Every structure is written in structure tokens, then in C-alpha cells.
Amino acid sequence: MTIDAMRAAAENGDPRAQTALGYHYDVGNQVPQDLTLAASWYRRAAENGYAPGQFKHAEMLRDGASV
């Protein structure tokens, strides 16, 4: 899936895409690294009840990384 397709799916509420997009921003893969955007996408996935998104969001909260 391209970043543009992933972003479209994430913006439409797909928690798997939200988590994946968060990861791309988290590590700077195919996009510039941006921990604030990563945390935002992880949070959206967490709010949608998606366990991997909840886990990644919790890690960022624990580490104090742009949260």
C-alpha cells in the first residue's frame, strides 16, 4: 500500500492504516520522521479500539515521545 493510500484509509477511520501510518512517521520510513504525527495516528487507532495502536500509543506515553 502506498503512503497516499494508507493516509486516505487512515483518514477514513481504518485503525490498521492509522497504526501503520503512525509507524511510518515514528521511524521516518517513506516520510520524514515526525513523532508528533506518529503519536497522533497511534492515538486515533487506540481510540478506535485497535490493540496494536493502543500498544504503540502507550509506548509513546511511557517514553514521553512527543505526547
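We number each residue from 1, following the sequence as shown. Model, not experiment: these values are computed from the prediction.
We find the CH2-CG distance between Trp41 and Asp34 to be 12.0 Å, quoted to the nearest 0.5 Å. One distance of note links CZ of Arg44 with CG of Asp14; it measures 13.0 Å at 0.5 Å rounding. Taken from CE in Met1 to CG in Leu21, the straight-line distance is 10.5 Å, to the nearest 0.5 Å.
Hydrophobic clustering places Val27 together with Leu35 (ILVMFWY residues linked when any side-chain heavy atoms are closer than 4.5 Å, directly or through intermediates).
For the side chain to side chain donor-acceptor pair (under 3.5 Å) test, no residue two or more places apart in sequence or in another chain qualifies with Gln33. Take Asn48 and apply the side chain to side chain donor-acceptor pair (under 3.5 Å) test, not counting sequence neighbours, and it matches Gln18.
Across all their heavy atoms, Pro15 and Ala45 have their closest contact at O-CB, 3.6 Å. Counting all heavy atoms, side chain and backbone alike, Tyr42 lies closest to Thr19 at CE2-O, 3.4 Å.
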Donor-acceptor contacts, no H, no angles, side chain residues 6-13, under 3.5 Å, sequence neighbours left out:
residue, atom, partner, partner atom, Å
Arg7, NH2, Tyr25, OH, 2.6
Asn12, ND2, Ala8, O, 3.1

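Taking 4.0 Å as the cut-off between side-chain N and carboxylate O, Glu59 and Lys56 count as a salt-bridged pair.
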